[in-house]
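Atoms considered below: every heavy atom in the structure, side chains included; atoms not considered: hydrogens, waters and symmetry mates. Chain A is the first sequence line, chain B the second, and so forth, proteins listed ahead of strands; every chain is numbered from 1.
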2 protein chains.
Amino acid sequence: MKVLKPTESELDILKILWENGDCTVRQVHEILASNKEIGYTTTLKLMQIMHGKGLVERDESSKTHIYKALVSRDKAEKQVLNKIIKDVFDGSAARLVMQALGNHQASDAELEKIKQLLNELENKK
Amino acid sequence: MKVLKPTESELDILKILWENGDCTVRQVHEILASNKEIGYTTTLKLMQIMHGKGLVERDESSKTHIYKALVSRDKAEKQVLNKIIKDVFDGSAARLVMQALGNHQASDAELEKIKQLLNELENKK
DNA sequence: TTGGAATTACGAAACTCTTCGTATATTTGA
DNA sequence: TCAAATATACGAAGAGTTTCGTAATTCCAA
């Protein structure tokens, strides 16, 4: 099975669908356009291409189509990370984690959650 | 200041320069060509473009130029991560870390190193 | 009912990235 | 010395992405 790798623009649209649920092109466009200059037909075309690639499906029963993400957020995130880990971090997830932790400030609560996850991972072994 | 975002091919070349130190086009090409089909002039062109972008500098004192990375590995890794964290993980490094840890098998030693890093981070607060 | 607004479909331009062929210059060794 | 090997420069093709204009269709409100 072919791995679907969303482009950057496609990811923007997927995020909107993940966060807002199924959307019309108009709805997606309004959100995109609130962050940057973009024409309506550009948004439309992107979503049509995503449909062609199988990244989204759409309900065509009424004239105004309703789009739904076909990739889960979790899966897409994993794909992105796998690629980075492979390409940039020599396949070492730990290297990536340490670079991320060293660079970014995480809140106490977040650090606690991460430690908890680490303990669970160790117990599983 | 403009952020330099290496493309995938450019990253391949940077990695060679980071690991092997300064290189001629020929040296870089030999390493690239051991992993995939690629013509010499392709490698040359890529490195010329990288030079134009300021990703590398080169010593032109002899006919055969010697290229040197101008971005550090650490900085490039941080840039890649920052972008992903911003684009995909809503700005939360912790979300990225958890996705990475949940997905990939890290060795005990790696997990230990990560826990240690977490402790250091907590003590710093 | 009908004209304007909204929607989809489609083609093509502009841009970036990757690739390589060809031209030109330099070095080298037989 | 001078032909072959090696190097750089450069242009351009091909693929993928992003952008939008235009045409055709459908819907809705006056």
Side-chain angles (χ1 to χ4, degrees), chain A residues 2-17 22-68 71 76 79-80 83 87-88, chain B residues 2-17 22-68 71 76 79-80 83 87-88:
Chain A
K2 189 113 191 303
V3 173
L4 297 170
K5 199 184 91 186
T7 69
E8 224 165 293
S9 299
E10 287 168 351
L11 201 54
D12 288 341
I13 292 174
L14 283 175
K15 279 173 69 178
I16 292 172
L17 293 177
D22 305 355
C23 285
T24 63
V25 174
R26 174 66 56 190
Q27 290 169 324
V28 168
H29 177 68
E30 293 302 328
I31 296 173
L32 281 183
S34 68
N35 293 321
K36 62 168 180 172
E37 279 296 302
I38 184 174
Y40 175 80
T41 52
T42 301
T43 304
L44 170 65
K45 181 68 164 186
L46 283 173
M47 293 178 75
Q48 286 172 337
I49 289 172
M50 292 170 77
H51 182 243
K53 290 184 180 177
L55 286 170
V56 297
E57 65 182 355
R58 64 185 185 189
D59 176 351
E60 306 179 358
S61 57
S62 56
K63 185 206 171 188
T64 302
H65 300 167
I66 296 173
Y67 285 76
K68 176 198 285 286
V71 246
Q79 274 178 17
V80 168
K83 181 157 180 47
D87 290 350
V88 182
Chain B
K2 190 114 191 301
V3 174
L4 298 169
K5 200 184 91 185
T7 68
E8 225 166 292
S9 299
E10 289 167 351
L11 202 54
D12 288 340
I13 290 174
L14 283 175
K15 280 171 72 176
I16 291 172
L17 292 176
D22 306 353
C23 285
T24 63
V25 174
R26 175 66 55 188
Q27 289 170 324
V28 169
H29 177 66
E30 294 302 328
I31 296 173
L32 282 183
S34 67
N35 293 321
K36 63 168 180 173
E37 279 295 303
I38 184 174
Y40 174 81
T41 52
T42 302
T43 305
L44 171 65
K45 181 69 162 185
L46 283 173
M47 293 177 74
Q48 285 171 337
I49 289 172
M50 291 169 77
H51 182 242
K53 289 183 181 178
L55 286 170
V56 297
E57 65 181 355
R58 64 186 184 188
D59 177 351
E60 306 180 358
S61 59
S62 58
K63 185 206 173 189
T64 302
H65 301 167
I66 295 173
Y67 286 76
K68 176 198 285 286
V71 247
Q79 274 178 17
V80 169
K83 181 158 180 47
D87 290 350
V88 182

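Atom CE of B:Met47 and atom C1' of D:dA7 are 13 Å apart (whole Å). As rounded to whole Å, 10 Å separates atom C1' of D:dA9 from atom OH of B:Tyr67. Distance, B:Glu8 CD to C:dC17 P: 12 Å, rounded to whole Å. Whole-Å rounding puts the A:Leu44 CG to C:dA5 P distance at 19 Å. Per the geometry, CD belonging to B:Glu10 stands 9 Å off C1' belonging to C:dC17, to the nearest Å. When rounded to the nearest whole Å, the span between CG of B:Leu32 and P of C:dC20 equals 12 Å. Protein atom CG of B:Leu46 is 17 Å distant from nucleotide atom P of D:dG11, rounded to whole Å. The distance between atom CD of A:Glu60 and atom P of C:dA9, rounded to the nearest whole Å, is 7 Å.
Heavy-atom distances to DNA chain D give each of A:Glu37 and A:Ser62 a nearest nucleotide, and the one nearer the 5′ end belongs to A:Glu37. Each of B:Ile49 and B:Thr41 lies near DNA chain C, and the nucleotide nearest B:Ile49 is the one positioned closer to the 5' end.
Between the A:Thr24 side chain and the A:Gln27 main chain, a donor and an acceptor come within less than 3.5 Å of each other. Judged purely by atom type and a 3.5 angstrom limit, A:Lys15 uses its side chain to pair as donor or acceptor with the backbone of B:Asp87.
Between A:Arg58 and C:dA9, a side-chain N or O to OP1/OP2 separation shorter than 4.0 Å is present. The phosphate of C:dA6 has neither OP1 nor OP2 within less than 4.0 Å of any side-chain N or O from A:Arg26. Remark: A:Gln48 is not in phosphate contact with C:dT8, judged by side-chain N or O atoms under 4.0 Å from OP1 or OP2. Under 4.0 angstrom from either OP1 or OP2 of D:dA9 there lies no side-chain N or O belonging to B:Lys63. Residue B:Tyr40 places no side-chain N or O under 4.0 Å from the OP1 or OP2 atom of C:dG21. Between D:dT18 and A:Ser9, a contact under 4.0 Å exists linking OP1 or OP2 to a side-chain N or O.
Distance from the side chain of A:His65 is smallest to C:dT8 among C:dT26, D:dC10, C:dT8. Listed nucleotides D:dT17, C:dT19, C:dC17 differ in distance to B:Thr7; the shortest reach to its side chain belongs to C:dC17. The side chain of B:Thr64 sits closest to D:dA7 out of C:dC17, C:dT19, D:dA7. The side chain of B:Lys45 lies closest to D:dG11, out of D:dC20, D:dT18, D:dG11.
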Item to complete: Test side chain to side chain contact (heavy atoms under 4.5 Å, CB included) on A:Arg26 and A:Glu30 and set out the steps.
Response: CA-CA 6 Å; A:Arg26 174 66 56 190; A:Glu30 293 302 328; 3.4 Å; yes
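Taking both residues in full, the closest heavy atoms of B:Asp22 and B:Lys68 are given as OD2-NZ, 3.2 Å, listed atom of the first, atom of the second, then distance.
In the displayed structure, A:Glu60 atom CD is contacted under 6.0 Å by more than 12 heavy atoms of other residues, nucleotides or ligands.
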